[in-house]
Participant: 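Structure in C-alpha cells, see below.
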2 protein chains.
Amino acid sequence: MIRLSRLSDYGIVILTRLAREPGRAMAASTLARATAVSTAMTGKILKLLVRADILVSQRGVRGGYALARPPETITVAQIIEALDGPIALTSCADPLVHACGIESLCPARDGWRRINRAIREALAGITLAEMARTVPDVPPPNLETRPRAAASEPAAATIGAR
Amino acid sequence: MIRLSRLSDYGIVILTRLAREPGRAMAASTLARATAVSTAMTGKILKLLVRADILVSQRGVRGGYALARPPETITVAQIIEALDGPIALTSCADPLVHACGIESLCPARDGWRRINRAIREALAGITLAEMARTVPDVPPPNLETRPRAAASEPAAATIGAR
DNA sequence: GGGAAATAGAACCGAACCGGTTCTGTTTCA
DNA sequence: TGAAACAGAACCGGTTCGGTTCTATTTCCC
Ligand code: FES
Ligand code: FES
C-alpha cells in the first residue's frame, strides 16, 4: 500500500479547514480543536507549512495562521512536498541523487520517470480550493441508519495521540 | 516523500526484465543475476507475483517464471497492488474500512477520494509494455563524462543485500 | 527410482524510520 | 510585565519493513 505520511495527511486536513475561510487567521489551538488533531502535531505541521510559504503566521497574543495565498493556487503536491520532501516514488526518481547502483543494467530505468511524472502531475492537478469545496448535496447521514452505534467509539476522539 | 516500497520497486524492475522477452521463462536465480537484486528477495517477490496471477511458474528442474499475460495488459497499479496491497494514500481512502474516527467533522473527507482516484488512475495508465520499451535513441553515456569515478563504488553491486 | 534443481511457503530478526511529545526561546499585546 | 501565542530543536519508543533462513514439495534427467 502506498501510504501518505501522517504529516501530510493531517496537514491537508488542517489546510482544508483553513481554506474554508481563506482570509481568516486561526490559532494553532483552535485549529487543533477544529480538526481533532493533537495540538502538538498541529503545531509541528503549521510550522513546516509556514517555512514552505504556504501559510503566514502572526506571533504573540492574538496570533495565528492564515493561508499565504488564495487556495486556488495551492496544490496538494506543494503541500506534500512541504511536509514530506520531494515527491518521488522510488530512489531512482531523481537522476541526480540516484542511489540504486545498477542503473547501467537496470531494465526499468526510464520507466520510473514515467511513473513519477504521472504521480506528480496527478497530485499537482488538485488544488486546495477543490479539496475544500465539499459536496453539499449529500446531507449528513441520518444517525438512525448508521451501522454501529456511537456507544462503542469514544466521544470527541482525538487523532494523533497515543 | 511518498515512497514506493522496495518490494514493488524491485518487483517492477524484475517484471520489466521479463517483459523484454514475453514468451520466455526464466529461473529465479537467473532473474536475480540479471537485475542485481538479491536472490532471496527475488524469490520472495516472484512468489507473490505468482499468487496474484501476474506470473506463472513451472516447478522442478528446468522450472522458472514467465508472464501470465501479454505485458500490454499488465499495469503498474496491478503490480503494486499485488506486492503491497491496495493502493490507497490515506486511511480515509476506502469508505468501508474508514478508521480515522473524525469523519463527521473532517473538512477534507471527500477531497481524499479525489486524490486517491487520481493516483490510482495514473498508476493504472502505465502498462508493463510501456515500462519495458526503453528509449533506444539515447546511447549509454560516455563514461568519460561521469562525475565521480567508478573507483569509489564496488563493482557489480548487488542491491537488496546488507 | 533417486537425486539434483527448482519453486512454495512460512517464520524470524534487526534496524531504520516515523509519529508523537517535550522543552526552551522569542514575539506580541493588553 | 506577564500571559498567550508561535519558532525550533531535540528526543524517544514502537511499528513496520527489508532481508534472511529453513523446510516442504514438485519435476526432470540420469
Ligand atoms: S532501479 Fe535504479 S535505474 Fe533501475
Ligand atoms: S481524515 Fe478521515 S474523513 Fe477526513
Side-chain angles (χ1 to χ4, degrees), chain A residues 1-11 13-14 18 25-33 35-66 68 80 82-85 90-91 99-100 158-162, chain B residues 1-11 13-14 18 25-33 35-66 68 80 82-85 90-91 99-100 158-162:
Chain A
M1 158 139 76
I2 299 184
R3 235 181 79 263
L4 191 63
S5 83
R6 294 286 173 87
L7 236 57
S8 294
D9 187 333
Y10 299 162
V13 172
I14 293 172
L18 272 171
M26 303 179 72
S29 58
T30 310
L31 276 170
R33 229 173 303 120
T35 58
V37 176
S38 92
T39 61
M41 271 277 97
T42 306
K44 190 178 191 172
I45 292 167
L46 290 170
K47 287 164 197 168
L48 286 172
L49 290 173
V50 169
R51 281 197 211 170
D53 291 319
I54 290 175
L55 293 181
V56 288
S57 65
Q58 171 63 22
R59 288 161 73 137
V61 177
R62 299 292 303 163
Y65 295 88
I80 293 175
L83 294 175
D84 284 331
T90 137
S91 43
C100 110
T158 293
I159 65 180
R162 266 181 228 165
Chain B
M1 161 141 72
I2 298 183
R3 234 180 82 262
L4 192 62
S5 83
R6 293 285 173 89
L7 235 58
S8 295
D9 187 334
Y10 299 162
V13 172
I14 293 172
L18 272 171
M26 305 178 72
S29 59
T30 310
L31 277 170
R33 228 173 303 119
T35 58
V37 176
S38 93
T39 62
M41 270 277 96
T42 306
K44 189 178 193 172
I45 291 167
L46 290 169
K47 288 165 196 168
L48 286 172
L49 291 173
V50 169
R51 281 196 211 171
D53 292 319
I54 290 174
L55 293 181
V56 289
S57 65
Q58 171 63 22
R59 290 161 70 135
V61 178
R62 299 294 303 162
Y65 296 89
I80 294 175
L83 294 174
D84 283 333
T90 136
S91 43
C100 110
T158 292
I159 66 179
R162 265 179 229 167

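Each chain gets a letter, A, B and so on, in the order the sequences are listed, and its residues count up from 1.
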Participant: Scan residues 42-49 of chain B against DNA chain C and write down, sorted by residue number, each residue with any heavy atom closer than 4.0 Å; if none is found, say none.
Facilitator: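 Heavy-atom cutoff 4.0 Å gives B/Lys47.
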
Participant: If you find the nucleotide of DNA chain C closest to A/Ala40 and the one closest to A/Leu7, which residue's nucleotide is nearer the 5' end?
Facilitator: A/Leu7

Participant: Which residues satisfy the side-chain contact (heavy atoms from CB on, under 4.5 Å) test with A/Ala27, sequence neighbours excluded?
Facilitator: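 With neighbours one apart ignored, the set is A/Ser29, A/Thr30.
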
Participant: Rounded to whole angstroms, how far apart are CG on A/Leu4 and P on C/dC17?
Facilitator: 18 Å

Participant: Take atom CG of A/Leu31 and atom P of D/dA4, then tell me their distance rounded to the nearest Å.
Facilitator: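 In whole Å, D/dA4 P and A/Leu31 CG are 19 Å from each other.
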
Participant: Testing the basics here: between A/Ile45 and A/Gly11, what is the closest heavy-atom pair and its distance to 0.1 Å?
Facilitator: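 In this case the closest contact between A/Ile45 and A/Gly11 is CG2-CA, 3.7 Å.
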
Participant: Would you give the length of the straight line joining atom CG of B/Leu48 to atom CG of B/Leu7, rounded to the nearest 0.5 angstrom?
Facilitator: 6.0 Å

Participant: If I compare all heavy atoms of B/Ile80 with all of B/Ser8, which pair ends up nearest, and what's the gap?
Facilitator: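 What the structure gives for the nearest pair is CA-OG, 3.8 Å.
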
Participant: What's the closest nucleotide to the A/Met41 side chain, out of C/dT21, D/dA7, C/dA8?
Facilitator: C/dT21

Participant: Could you state the atom-to-atom distance from CD1 of A/Ile14 to C1' of C/dG19 in whole Å?
Facilitator: 14 Å

Participant: For DNA chain C, which residues in residues 54-66 of chain A have a heavy atom at a distance below 4.0 Å?
Facilitator: A/Gln58, A/Arg59, A/Gly60, A/Val61

Participant: So, does B/Tyr10 get its side chain near the phosphate of D/dG19, meaning an N or O under 4.0 Å from OP1 or OP2?
Facilitator: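 For D/dG19, OP1 or OP2 has a side-chain N or O of B/Tyr10 closer than 4.0 Å.
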
Participant: Report for the helix from C/dG1-D/dC30 to C/dA30-D/dT1: angle between first-end and last-end helix axes, five pairs each, rounded to 10 degrees.
Facilitator: 10°

Participant: Using whole Å, report how far CG of B/Leu83 lies from P of D/dG19.
Facilitator: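 The answer, rounded to whole Å, is 14 Å.
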
Participant: How would you list, by chain and number, every residue that makes a side-chain contact (heavy atoms from CB on, under 4.5 Å) with B/Leu31, sequence neighbours excluded?
Facilitator: B/Ile14, B/Arg17, B/Leu18, B/Met26, B/Thr42, B/Leu46

Participant: Would you give the length of the straight line joining atom NZ of A/Lys44 to atom CG of A/Leu83, rounded to the nearest 0.5 angstrom?
Facilitator: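 The distance works out to 10.5 Å.
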
Participant: I need the CZ-P distance between B/Arg51 and C/dT7, as an integer number of Å.
Facilitator: 15 Å

Participant: Do any side-chain atoms of residues 50-65 of chain A form donor-acceptor pairs under 3.5 angstrom with protein atoms, and if so which ones, sequence neighbours left out?
Facilitator:
none

